[in-house]
Protein chains: 2
Amino acid sequence: MQVTVDIVIFTIQAGELKVLLVERGIPPFQGQFAIPGGFVLEDEGLDAAARRELKDETGVADVFLEQLYSFGDPGRDPRGRVVTVAYFALISADRSPLVAGSDAAAARWWPVRELPELAFDHRKILDCALERLRNKLEYTTVGFQLLPARFTLSELQQVYEAILNKKLDKRNFRRKLGLLKVLRPTRELRRGGRRPARLYEFVAARFERLKDKGILFPF
Amino acid sequence: MQVTVDIVIFTIQAGELKVLLVERGIPPFQGQFAIPGGFVLEDEGLDAAARRELKDETGVADVFLEQLYSFGDPGRDPRGRVVTVAYFALISADRSPLVAGSDAAAARWWPVRELPELAFDHRKILDCALERLRNKLEYTTVGFQLLPARFTLSELQQVYEAILNKKLDKRNFRRKLGLLKVLRPTRELRRGGRRPARLYEFVAARFERLKDKGILFPF
DNA sequence: CCAAAAGTGTTAGGAGTACACCCATGG
DNA sequence: CCATGGGTGTACTCCTAACACTTTTGG
């Protein structure tokens, strides 16, 4: 029985949630798009295999990566019995545009709102990842993983709106963030738009105190 | 590469959360206890393999069963490379005492508070299952899966207390349950204790309305 | 001076928590 | 009649949601 890892890689671009897909150059499903993935090596752990694939496809390391779910229906791969352990990864907006896949010349970021037909059972995997991402937004800091180290409050709100797919109230959003005390304002401003916006940093150490107490991001 | 399923099977007995373990009769880890499990057959899905093992070990079918996480560190099984897809299952109190494992004469329910040393990485798997169970208690109906179709409010509260490992306030517990409107009182009373207690039924249809709205079991 | 995004507080309603006593039954 | 678990309500606090105008900049 063969074991693969497949990785749903998300990023935010232009205030939109996007996912990395590669066009298949060979059968089966030639010409269709698929989630990046590959076989687990004989002496390699599952997480390690996922990190290796992620690095190969995007060039990035040290990003958020988490196991999602395993899919192993007989017949999910016409070539034979393949069990895949699916992962999902988050790449911050400032590192995502560099799509320089080694073997994946045809890699492209797709808005999750307008996906092409996907190979294998990858649509199911992607839906599973989206659901997980939405849920984790509420009780973890995944939202910050999609932004550069410094960001404006409006950018953060856009991340939440893009993933949850609904508008949020600006004042309530900011007040709740303030109560959590996990952001540190910097002296820097983002110019270039209209009125300049203050940049903030996420302070991981402050979040540590909260997570045991069930304090969340209730947006 | 070989693929197995391992199943953490929980039940409630005497107001305590228990898990089914089998004593290994052969090396490796001979004489130690392990979570029930076995190989995935060539033409068998992962869920199907888990259901088959569950049936073999406990004789029960049609119980709550959910995939948990996959474990595949090289070296987790000294016999070779084995990736395991872990599941967790919940058996209601009225069906659990029947431990009649086919090949598992040495199967036994263990209180999760006093576990023996476990074979392989099964301790890690069990901890993972416990954490998942505690979390799902808050936003799903897994609590009801551990009880017979009809139960008293005190029995339900004991399930929550056993899993969360803390005392809950009786009046608050009942008021919140009342607000959810997912229980239907029956005409039946449980006698045999002191004052008879009313039996309730969980109405799954009423829960359906709630789960999209993020209404939970906030105990 | 106009368009566009940044920034800022109050109020009213609902949910959560803490807390103590009477009731029905079996022995 | 007594021991045991079943059953019930209130007051206070805190969180949530709804809601509109002023400020700062670039063009």
Side-chain angles (χ1 to χ4, degrees), chain A residues 12 14-16 93 137-139 147-148 150-162 164 166-201 210-211 213-219, chain B residues 12 14-16 93 137-139 147-148 150-162 164 166-201 209-219:
Chain A
I12 296 277
E16 236 187 340
L137 207 56
E138 295 179 0
Y139 62 97
L147 289 172
R150 298 184 166 199
F151 49 85
T152 69
L153 298 181
S154 292
E155 286 166 348
L156 182 60
Q157 184 172 344
Q158 276 173 33
V159 169
Y160 275 81
E161 290 178 338
L164 298 176
K166 66 178 180 192
K167 286 281 168 210
L168 300 173
D169 181 275
K170 182 165 56 163
R171 279 172 292 186
N172 290 338
F173 185 83
R174 289 172 184 223
R175 186 170 31 70
K176 289 177 203 171
L177 266 180
L179 290 173
L180 292 172
K181 298 189 167 74
V182 294
L183 295 187
R184 178 196 299 137
T186 69
R187 277 171 210 162
E188 207 175 335
L189 298 178
R190 167 143 314 156
R191 316 193 72 82
R194 301 302 180 153
R195 174 174 174 178
R198 183 159 305 277
L199 293 178
Y200 290 80
E201 288 174 334
L210 299 181
K211 67 181 178 187
K213 303 180 189 173
I215 303 177
L216 310 170
F217 297 92
F219 300 118
Chain B
I12 297 276
E16 237 187 339
L137 207 56
E138 294 177 2
Y139 62 97
L147 289 171
R150 298 185 163 197
F151 49 85
T152 68
L153 299 181
S154 292
E155 285 166 348
L156 182 61
Q157 185 172 341
Q158 277 174 31
V159 168
Y160 276 80
E161 290 179 338
L164 298 176
K166 68 178 179 192
K167 285 282 167 207
L168 299 173
D169 182 276
K170 182 164 55 164
R171 280 173 293 188
N172 291 338
F173 185 82
R174 289 172 185 223
R175 185 169 34 71
K176 288 178 204 169
L177 266 180
L179 290 173
L180 293 172
K181 297 190 171 82
V182 294
L183 294 187
R184 178 196 299 135
T186 68
R187 280 172 207 159
E188 207 176 336
L189 299 178
R190 168 143 312 154
R191 317 192 72 80
R194 301 302 182 156
R195 175 173 174 178
R198 183 160 305 278
L199 293 177
Y200 290 81
E201 288 174 334
R209 290 179 301 113
L210 300 180
K211 66 181 180 189
D212 295 332
K213 303 182 188 169
I215 304 178
L216 311 170
F217 298 91
F219 300 118

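A note on names: the letters A, B, ... follow the listed sequences, proteins ahead of strands, and every chain is numbered from 1. Quick note: numbers below take in every heavy atom, side chains included, and nothing from hydrogens, waters or symmetry partners.
The shortest heavy-atom contact between Lys170(A) and Gln157(A) is CA-OE1, 3.7 Å.
Within the 4.5 Å cutoff, side-chain heavy atoms of Leu177(A) are placed close to those of Phe219(A). Between Leu199(A) and Leu189(A) there is no side-chain heavy-atom pair separated by less than 4.5 Å. Using a 4.5 Å heavy-atom cutoff, the side chains of Leu147(B) and Tyr200(B) are not in contact.
Distance Arg194(B) CZ to dG7(D) C1': 17 Å, rounded to the nearest Å. Taking atom CD of residue Gln157(B) and atom P of nucleotide dT8(D), one finds them 13 Å apart after rounding to whole Å. Rounded to an integer number of Å, the gap from Arg191(B) CZ to dG5(D) P is 17 Å. For Leu168(A) and dA17(D), the CG to P distance is 10 Å, given to the nearest whole Å. Spacing between atom NZ of Lys170(B) and atom C1' of dG9(D) amounts to 14 Å, rounded to whole angstrom units. When rounded to the nearest whole Å, the span between CD of Gln158(B) and C1' of dG6(D) equals 13 Å. Between the CZ atom of Arg175(B) and the C1' atom of dG7(D) there is a distance of 14 Å, given to the nearest Å. Going from atom CZ of Arg195(A) over to atom P of dG27(D) covers 17 Å, rounded to whole Å.
Both Asn172(B) and Leu179(A) lie close to DNA chain D; mapped to their nearest nucleotides by heavy-atom distance, the more 5′-ward contact belongs to Asn172(B). Each of Asp169(A) and Ala197(A) was matched to the nucleotide of DNA chain C holding its nearest heavy atom; the match closer to the 5' end belongs to Ala197(A).
Under the side-chain hydrogen bond (donor to acceptor under 3.5 Å, both in side chains) criterion, Thr186(B) pairs with no residue at all, not counting sequence neighbours.
Residue Phe217(B) is tested with Tyr139(B), Tyr160(B), Phe173(B) for a side-chain contact (heavy atoms from CB on, under 4.5 Å); the sole match is Tyr160(B).
Taking 4.0 angstrom as the limit, Ser154(B) places none of its side-chain polar atoms (N or O) nearer than this to OP1 or OP2 of dG5(D).
Within the structure, every pair that satisfies the salt bridge (charged side-chain N to carboxylate O under 4.0 Å, His left out) test and touches residues 172-190 of chain A, not counting sequence neighbours, is listed here: Arg150(A)-Glu188(A), Glu155(A)-Arg190(A), Arg184(A)-Glu201(A).
On the nucleic acid side, DNA chain C has its first and last nucleotide under 4.0 Å of a heavy atom of chain B at dG16(C) to dG26(C), going 5' to 3'.
If you check distances only, the side chain of Arg171(A) does reach the base of dA20(D) with a donor-acceptor pair under 3.5 Å.
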